[in-house]
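Here is how names work: the chains are called A, B, and so on, in the same order as the sequence lines, proteins then strands, and each is numbered from 1.
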Amino acid sequence: MIPYLLVLALGLAALLQVSLLPALQIGGVYPNLPLVIVVAWALLRGARSAVIWALIAGLWLDLLSSRSFGGYTLGLVAAAYLAGLGAQTVYRPTIPFALAMVAVATIVQDGIQMALLWLSGGTFSLPDALLRLVLPEIAYNFVMMLAVFPLLSWVNRVTGQERLPLE
Amino acid sequence: MLQRPRTRRRIRWWPIVIVLLVATVVLLNTRSVDAPRDVTARITLSLQRLLRQAGNELRGAIGIVGDSTTLRDRNAELEQAVAQLTVENLRLKEIEAENVRLRGLLQFRDVNPSFTYKGGQVVGRIVANEPTSIIQSILIDIGSNNGIEPGMPVVTERGLVGRVTDVYGNAARVLLIIDSSSNVNTMLQNTRLRGILRGRAGQLPIMDYLPQDQSILVGDIVVTSGEGGNFPVGIPVGQVVEVEQNDVEMFQRAVVRTTVDFDTLETVLVVTNFVSSSEQFGPPQDREDPQNPADLPGAP
């Protein structure tokens with residue numbers, strides 16, 4: 001039962017990402033909820049579990065988007081793996097550490113999207129894209145992380161240190 | 001001499017395998033996943049519509065709180081603007097009446113674009129965007145069941161929005177003109193100078209390939225030129241806000257602020273009886289000719 005719930009929950013996060021959050025955009029920028037969830041989980045449970053979450057959330061995002069299939073999955077998996085590696089460097093992840101990791105993960109995820117865009121012939125100025133898209137998105141993701149990290153910490157406590165199905 | 005016991009280092013192969021698998025899929029043609037995307041759109045459209053509506057209401061509520069402090073000043077500004085627009089409106093009505101008379105005299109009625117696509121518009125509500133703001137496309141809640149086809153132009157009352165790229169049963173994907181892969185043939189309304197409007201991630205779009213020897217002014221209006229056959233002629237696109245001119249370059253460029261506010265876009269019109277002649281969406285001979293009066297709506 002729990003694996004199906006996990007798939008549905010990550011699907012709901014992906015739906016929120018494409019439907020609700022863009023309505024709250026400021027200056028054309030909105031936060032990345034699946035990325036924040038995956039990074040928070042990587043800090044709490046490690047890379048292995050987070051990469052599986054990233055794979056599921058990424059596939060949902062790819063199904064709900066129009067570009068080359070797999071692009072979002074690739075970005076999320078890479079971000080989850082890096083966040084998991086980062087988590088190994090600290091004894092216990094704190095909120096400031098979570099904010100730092102989500103900043104790194106946002107740069108990785110957006111960097112991959114921009115690389116794919118560049119490969120498909122899209123034009124953009126890297127400094128402008130960093131300044132006007134990536135940095136505001138990091139700020140937005142900080143706010144999102146402040147809500148998501150305590151919530152997932154609670155889920156982590158409730159489920160104990162036992163592995164969830166699909167881990 | 002003692003040898004340090006060899007420890008076999010475990011290689012974490014699974015992230016590498018996943019990344020390689022996904023990278024392989026990324027390289028596949030997007031068309032191959034049209035069917036699963038169609039199914040996903042069919043299943044999730046109602047939920048997406050609800051979530052989007054909730055988001056729009058939330059944005060409205062946040063906006064009301066934020067705007068309350070500046071409402072009085074804004075009201076005074078708007079009253080002044082209304083007075084100016086009333087005078088402008090009277091002048092435009094006069095021009096419109098004259099225009100109608102001249103059109104009748106010149107028998108241009110059948111080829112006038114505003115008549116051509118009136119009645120052929122289908123309203124679609126925006127239900128989703130791309131997961132990241134680096135890519136600018138929207139999903140609308142009308143699709144092939146409503147007569148939507150790839151290549152159809154999408155507009156609002158304020159101007160050009162984009163073009164339909166993917167069509168599902170009950171939804172369609174629209175590439176916005178501000179996307180960095182979008183190119184639109186445009187011209188300056190006053191001087192008729194032609195250029196190509198290109199979207200740029202995180203920046204205002206730019207009108208490129210403008211001749212160096214021509215004067216371009218901030219405030220010039222940009223409209224579609226109709227060249228290339230992707231859009232009807234004369235749809236408002238934006239206004240020049242900055243001119244980038246460098247003597248060593250072959251062309252000058254103009255930064256354009258679009259007439260459509262893409263941050264608050266909620267509904268759009270799809271022009272269903274304009275036929276794109278772009279080869280990307282099929283050969284033009286398979287479609288009706290918009291310039292042929294016999295093919296126009298209401299023609300005998």
Side-chain angles (χ1 to χ4, degrees), chain A residues 11-12 14-30 32 34 47-48 51-52 54-55 58 60-75 77-78 80-81 84 109-110 113-114 116-117 120-125 128-134 136-137, chain B residues 12 14-15 18-19 21-30 32-33 36-37 39-41 44 47-59 62 126-139 165-166 173 175 178-181 198-203 206 262-264 266:
Chain A
L12 182 64
L15 281 172
L16 286 169
Q17 181 60 32
V18 296
S19 293
L20 190 138
L21 293 175
L24 306 175
Q25 61 184 278
I26 300 170
V29 176
Y30 39 94
N32 195 329
R48 184 189 168 91
V51 164
I52 292 165
L55 198 64
W60 271 109
L61 288 177
D62 279 316
L63 281 172
L64 293 165
S65 78
S66 63
R67 292 296 166 96
S68 302
F69 195 89
Y72 292 109
T73 310
L74 186 64
V77 167
Y81 187 60
Q109 158 84 339
D110 284 354
Q113 299 314 317
M114 280 191 268
L116 290 174
L117 191 64
S120 62
T123 53
F124 60 89
S125 147
D128 280 314
L130 284 173
L131 197 69
R132 298 177 194 202
L133 293 177
V134 181
E137 192 184 324
Chain B
R12 294 188 173 174
W14 48 270
I18 289 173
V19 168
L21 274 176
V22 173
T24 312
V25 178
V26 168
L27 299 173
L28 293 175
N29 192 332
T30 314
S32 59
V33 289
R37 280 179 172 159
V39 172
T40 311
T44 61
L47 186 56
Q48 288 192 65
R49 200 180 284 145
L50 271 175
L51 290 171
R52 187 55 169 229
Q53 203 177 338
N56 288 339
E57 284 172 13
L58 196 58
R59 187 184 65 219
I62 294 167
I126 296 162
V127 292
N129 289 56
E130 279 289 321
T132 171
S133 44
I134 293 169
I135 297 163
Q136 296 287 345
S137 78
I138 53 173
L139 189 76
T165 52
D166 300 296
R173 181 70 62 176
L175 182 73
I178 55 172
D179 185 80
S180 62
S181 63
R198 292 190 287 113
R200 297 181 299 173
Q203 290 174 284
I206 202 153
F262 290 96
D263 284 5
T264 55
E266 288 184 22

**Q.** Proximal component of B:Thr132, with respect to chain A [non-hydrogen, under 4.5 Å]
**A.** both
Q.
Quick check for you: to the nearest 0.5 Å, what is the distance between B:Gln53 atom CD and A:Leu20 atom CG?
A. 11.0 Å
Q) For the side chain of A:Ser19 and the backbone of B:Ala128, is there at least one donor-acceptor N/O pair under 3.5 Å apart? A) no
Q) Going from OG on B:Ser133 to CG on A:Leu21, what distance comes out if it is rounded to the nearest 0.5 angstrom? A) 11.0 Å
Q: For each of B:Leu58, B:Ile135, B:Val127, tally heavy-atom pairs with chain A at distances under 4.5 Å, and name the one with the top tally.
A: B:Ile135
Q: Output the option from B:Leu51, B:Ile178, B:Asn56 having the highest count of non-hydrogen pairs under 4.5 Å with chain A.
A: B:Leu51
Q) Looking at A:Leu130, A:Asn32, A:Asp110, which makes the most heavy-atom pairs under 4.5 Å with chain B? A) A:Asp110
Q | Under 4.5 Å from any heavy atom of chain B - which part of A:Leu64 | A | both
Q | Engaged part of A:Leu16 at the chain B interface, taking heavy atoms whose separation is under 4.5 Å | A | both
Q. Just by modelled atom types, is the A:Leu24 backbone N or O under 3.5 Å from a matching donor or acceptor in the B:Arg59 side chain?
A. no
Q. What part of B:Leu175 is in contact with chain A, defined as an atom under 4.5 angstrom from a non-hydrogen atom: side chain, backbone, both or neither?
A. side chain
Q | Rounded distance [0.5 Å steps], CE in A:Met114 versus OG in B:Ser180 | A | 10.5 Å
Q) Counting heavy-atom pairs under 4.5 Å to chain B, which of A:Ser65, A:Pro22, A:Pro136 comes out on top? A) A:Ser65
Q: Of all the heavy-atom pairs spanning B:Glu130 and A:Ser66, show the shortest one and how long it is.
A: OE2-OG, 2.7 Å
Q: Might you point out which heavy atoms bring B:Arg52 and A:Val18 nearest each other, and give the distance in Å?
A: NH1-O, 3.8 Å
Q) Checking heavy atoms, do the side chain of B:Ile134, its backbone, both or neither come under 4.5 Å from chain A? A) both
Q. Counting distance only, does the side-chain N/O of B:Arg37 pair as donor-acceptor with the main-chain N or O of A:Asp62 below 3.5 Å?
A. yes
(Q) Just so I understand: if I count every heavy-atom pair under 4.5 Å between each of B:Leu47, B:Leu139, B:Asp179 and chain A, which residue has the most? (A) B:Asp179
Q | Option that, when pairs with chain A are counted at under 4.5 Å, heavy atom only, ranks first among B:Arg200, B:Arg198, B:Gln203 | A | B:Gln203
**Q.** Part of A:Tyr30 lying under 4.5 Å from any heavy atom of chain B
**A.** both
Q. Checking heavy atoms, do the side chain of A:Leu15, its backbone, both or neither come under 4.5 Å from chain B?
A. both
(Q) As an exercise: rank A:Gly28, A:Ala129, A:Gly11 by heavy-atom pairs under 4.5 Å with chain B and give me the winner. (A) A:Gly28
